[in-house]
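Excluded from the calculations below are hydrogen atoms, water molecules and symmetry mates; all remaining heavy atoms, backbone and side chain alike, are included. So that the names make sense, note that chain A is the first sequence line, chain B the second, and so on, each numbered from 1.
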Amino acid sequence: MEIKKVKRSEDYSAWYNNLVKHADLAEHSAVKGCMVIKPYGYAIWETMQAELDRRFKETGHQNAYFPLFIPKSFFSKEASHVDGFAKECAVVTHYRLKVDENTREIVVDPDAKLDEELIVRPTSETIIWNTYRDWIQSYRDLPILINQWANVVRWEMRTRLFLRTAEFLWQEGHTAHATAEEAIAETKQMLEVYADFAENILAVPVIKGVKTPNERFAGALDTYCIEGLMQDGKALQMGTSHFLGQNFAKAFDVKYVTKENTKEYVWATSWGVSTRLMGALIMSHSDDEGLVLPPRLAPIQVVIVPIFRKEAEQSLVMEKADAYFAALKAAGIRVKLDARDNQSPGFKFAEYELKGVPVRIAIGPRDVTNGTVEVARRDTKEKQVMAETDLVHKIEHLLEQIQTNLYQKALDYRTEHITAVNTWDEFKDILENKTGFVSAHWDGTSETEQKIKEETKATIRCIPLNNHLEEGVCVYSGKPSTQRVLFAKAY
RNA sequence: CGGGGUGUAGCGUAGCCUGGUAUCGCGCCACAUUUGGGAUGUGGAGGUCGUAGGUUCGAAUCCUGCCACCCCGACCA
């Protein structure tokens, strides 16, 4: 496999595209802004799904499925929601094609116009809350805790593989509660679930915070988020959890009868993460050799590469390789034995590095004689010869070490790239030269936030949860401020 | 959607200015020798040159439209 080498340090964006393509994660499709997720990339996504799905169920949620199409009228029922999404909606206007009698081409049949256009969902709050109206009568029907795995469409101007595509895969949780307190608790709980998943599975440290009104979800009272920092110093929003108040209940007239026999509007949350997490994963750990996967997410955690010259060696080596394979598999490790005899070991080494396989075990005649294996780890590129004794435990331990090391490396990078500044010059200088998060006082106004965005392209990523309060002056306006917030350039 | 660039075999490319149906490398197939960091040799297959038109005796090459992608903007819960 001849791959074009693009250095991460020279052109981050080209490096990223090159990596996604050559690690066999995804490729551009014939449809503008839409990608094909290839089997290897999809296997990683499936692992993410499995981990998240388990966490959702552990916190009491059930999966369900709602339609891809939403009647246009539903969108206009919540004013700020329609404002937020109107500009990027795909619309279905007809339901039939026909052959044009003159040109013989397939054309839209003008007689097949829909009475009411259908919107291809950009998110499902409206169709779901329209449904919840029929599901909820009494406080006894609450809470409703539902998640949906789905695809959504947002007609973006400019797309990038995984980070922003016109169609993407995600999950969206939609819950209904009797009280504001309960809904807020749910919103925060799901933020914790996301943070736990990001840090313990993706090995990406995240900052938990709340969005400013400018950056809020269209229709939410509060948007909580987890923000990651990529290797090029740009921030990436990795997940959001919204407290929707009674906005959607009011828009869709969803009321319940309380114990006291009064009628109240229902309180709502929604929360989601998407295939964008694939982008986060790639941009957090990978290097010039290719993808680097945390073991807990890797479709292949360990690859065994047998090395042999003659047939006599082959049978000896393969006997051992088969035994290791069986032992590792029995221990629940996702292991692959690459017995192809038409590729050299060197080729295989490079290939599995490109694909980010965390641990490689090479075994040749020398090892068979000595009772050893050569173990190489992807994260540090270190190789060591290990005695075969207790191999499974050693590998299990190594996988854990790699998982921890990747997280620690990412955490160190992020810690170095959170810079507190007190002056406007410093603010601009850090954003431009050091990059990363800038922690600065802000006067709390949308105007200042907007001005800063116009002048520096940096946005307020979040107001960190449990932020400590301190007196200060806004780095831009000089007006009084009570806390620092995190700014960054973002994807 | 505005400015710039690119599009030739699965991938990366030469040829384009100065028109005559296409170059090289990797990959692929067969055989042999190989295999501890991207093997070597020999033979072979694979292209309506992004697409639709136009100019021309003749278009990868010149002209126009369209499509896709990349970079910079605008946009982006």
Whole-Å distance separating the CD atom of A:Glu351 from the P atom of B:rA39: 12 Å

Could you tell me the separation between the CZ atom of A:Arg158 and the P atom of B:rG4, rounded to a whole number of Å? 16 Å

Below 4.0 angstrom, which residues in residues 302-309 of chain A have at least one non-hydrogen atom near RNA chain B? A:Ile307, A:Phe308, A:Arg309

Pairing residues for A:Glu319 by the salt bridge (Lys or Arg N to Asp or Glu O under 4.0 Å) criterion, not counting sequence neighbours: none

Examine the side chains of A:Arg121 and A:Thr123 and answer whether a donor and an acceptor come within less than 3.5 Å of each other. no

Using Watson-Crick geometry (N1-N3 plus N6-O4 or O6-N4) or G-U wobble (N1-O2, O6-N3), each under 3.5 Å, B:rC66 is paired with B:rG50

Does any nucleotide pair with B:rA45 by Watson-Crick or G-U wobble geometry, both distances under 3.5 Å, and what is it? none

Pick the C1' atom in B:rG47 and in B:rG27, then give their distance to the nearest Å. 16 Å

Does any N or O in the side chain of A:Lys348 come within less than 3.5 Å of the main-chain N or O of A:Asp338, such that one atom is a donor and the other an acceptor? yes

Spacing of CE belonging to A:Met35 relative to CZ belonging to A:Phe168, to within rounding of 0.5 Å: 9.5 Å

B:rG2 C1' sits how many Å from A:Met157 CE, rounded? 11 Å

Which is true for A:Lys348 with a 4.0 Å heavy-atom rule: it touches a base, it touches only sugar-phosphate, or it touches nothing? nothing

Side chains of A:Glu172 and A:Ser124, donor plus acceptor under 3.5 Å: yes

Which whole-number value in Å describes the distance from A:Asp24 CG to B:rG10 C1'? 12 Å

Which ones in residues 365-387 of chain A lie close to RNA chain B, meaning a heavy atom under 4.0 Å from one of its atoms? A:Pro365, A:Arg366, A:Asp367, A:Glu374, A:Lys383

On a whole-Å scale, what distance lies between the C1' atoms belonging to B:rG25 and B:rC72? 33 Å

The criterion is ring pair (Phe, Tyr, Trp, His ring centres under 6.0 Å); which residues satisfy it with A:Phe217, sequence neighbours excluded? A:His81, A:Phe85, A:His242

Any strand is fair game: report the nucleotide pairing with B:rC26 by Watson-Crick or G-U wobble, both distances under 3.5 Å, or none. B:rG10

Does A:Gln343 place a side-chain N or O at less than 4.0 Å from the phosphate oxygens OP1/OP2 of B:rC28? yes

Work out how far the C1' atom of B:rU34 is from that of B:rC17, and round it to whole angstrom. 48 Å

Same-atom distance (C1') from B:rG53 to B:rG43, integer angstrom: 43 Å

Pairwise distance CE(A:Met190) to CD(A:Glu192) - rounded to 0.5 angstrom: 11.0 Å

Between the protein and nucleotides 67-70 of chain B, which nitrogen or oxygen pairs are less than 3.5 angstrom apart?
{"residue": "B:rC69", "atom": "OP1", "partner": "A:Gly33", "partner atom": "N", "Å": "2.9"}
{"residue": "B:rC69", "atom": "O3'", "partner": "A:His28", "partner atom": "NE2", "Å": "3.4"}
{"residue": "B:rC70", "atom": "OP1", "partner": "A:His28", "partner atom": "NE2", "Å": "3.4"}

Identified pairing partner of B:rU21, criterion: Watson-Crick or G-U wobble below 3.5 Å: none

For A:Glu313, answer base if it contacts any base atom (sugar-phosphate contacts may also be present), sugar-phosphate if it contacts only those atoms, and nothing otherwise; contact means non-hydrogen atoms under 4.0 Å. nothing

Counting side-chain heavy atoms from CB outward, which of B:rG36, B:rC11, B:rG37 is closest to A:His22? B:rC11

Establish, from distance only, whether the side-chain atoms of A:Glu449 and A:Thr212 form a donor-acceptor pair under 3.5 Å. yes

Salt bridge between A:Glu313 and A:Lys310, side-chain N to carboxylate O under 4.0 Å? yes

Which nucleotide wins on minimum distance to the side chain of A:Lys457, given the candidates B:rA74, B:rA39, B:rU35? B:rA74

Strand-adjacent residues in residues 209-218 of chain A, judged by heavy atoms under 4.0 Å from RNA chain B: A:Glu215, A:Arg216, A:Phe217, A:Ala218

Of the listed nucleotides (B:rG36, B:rC76, B:rG37), which one gets closest to any side-chain atom of A:Ala350? B:rG37

Using whole Å, report how far OH of A:Tyr352 lies from P of B:rG36. 16 Å

Any luck finding a side-chain donor-acceptor pair between A:Glu388 and A:Tyr324 under 3.5 Å? yes

Could you tell me which nucleotide pairs with B:rA60 by Watson-Crick or G-U wobble geometry, both distances under 3.5 Å, or answer none if nothing does? none

Is the distance from OP1 or OP2 of B:rA39 to the nearest side-chain N or O of A:Ser344 less than 4.0 Å? yes

Could you tell me how far B:rG37 sits from B:rU42 if I compare only their P atoms? Round to whole Å. 25 Å

At 4.0 Å (heavy atoms only), tell me whether A:Gly364 reaches a base, stays on the sugar-phosphate, or touches nothing. base

What's A:Trp155 touching, base or sugar-phosphate or nothing? Going by heavy atoms closer than 4.0 Å. nothing

Which is it for A:Tyr16 and A:Asp232 under the side chain to side chain donor-acceptor pair (under 3.5 Å) test, yes or no, and what are the steps along the way? CA-CA 11 Å; A:Tyr16 175 84; A:Asp232 62 344; over 6 Å; no

What is the base-pairing partner of B:rG73, counting Watson-Crick and G-U wobble geometry with both distances under 3.5 Å? B:rC1

Can you check the A:Phe349 CZ to B:rG36 P distance for me, whole Å? 8 Å

Sugar-phosphate, base or nothing in reach of A:Phe168, heavy atoms under 4.0 Å: base

Answer for the Watson-Crick or wobble partner of B:rA32, both distances under 3.5 Å, is B:rU40

Distance between the P atoms of B:rA59 and B:rU13, in whole angstroms? 27 Å

Aromatic centroids of A:Phe487 and A:Phe427 separated by under 6.0 Å: yes

Counting only heavy atoms not in A:Gln343 (residues, nucleotides, ligands), do more than 12 fall under 6.0 Å from its CD? yes

Can you check the A:Glu156 CD to B:rC1 C1' distance for me, whole Å? 14 Å

Roughly how far apart, to the nearest Å, are B:rU55 and B:rA74 at atom P? 43 Å

For B:rC16, which nucleotide is its Watson-Crick or G-U wobble mate, given both distances must be under 3.5 Å? none

Report yes or no: is there a donor-acceptor pair, N or O only, under 3.5 Å between the side chain of A:Glu353 and the base of B:rG37? yes

For the residue pair A:Thr187 / A:Thr269, report whether a side-chain donor-acceptor contact shorter than 3.5 Å exists. no

Nearest-angstrom distance from the residue atom CZ of A:Arg340 to P of B:rU35: 18 Å

Are there more than 12 heavy atoms of other residues, nucleotides or ligands under 6.0 Å from atom NZ of A:Lys355? yes

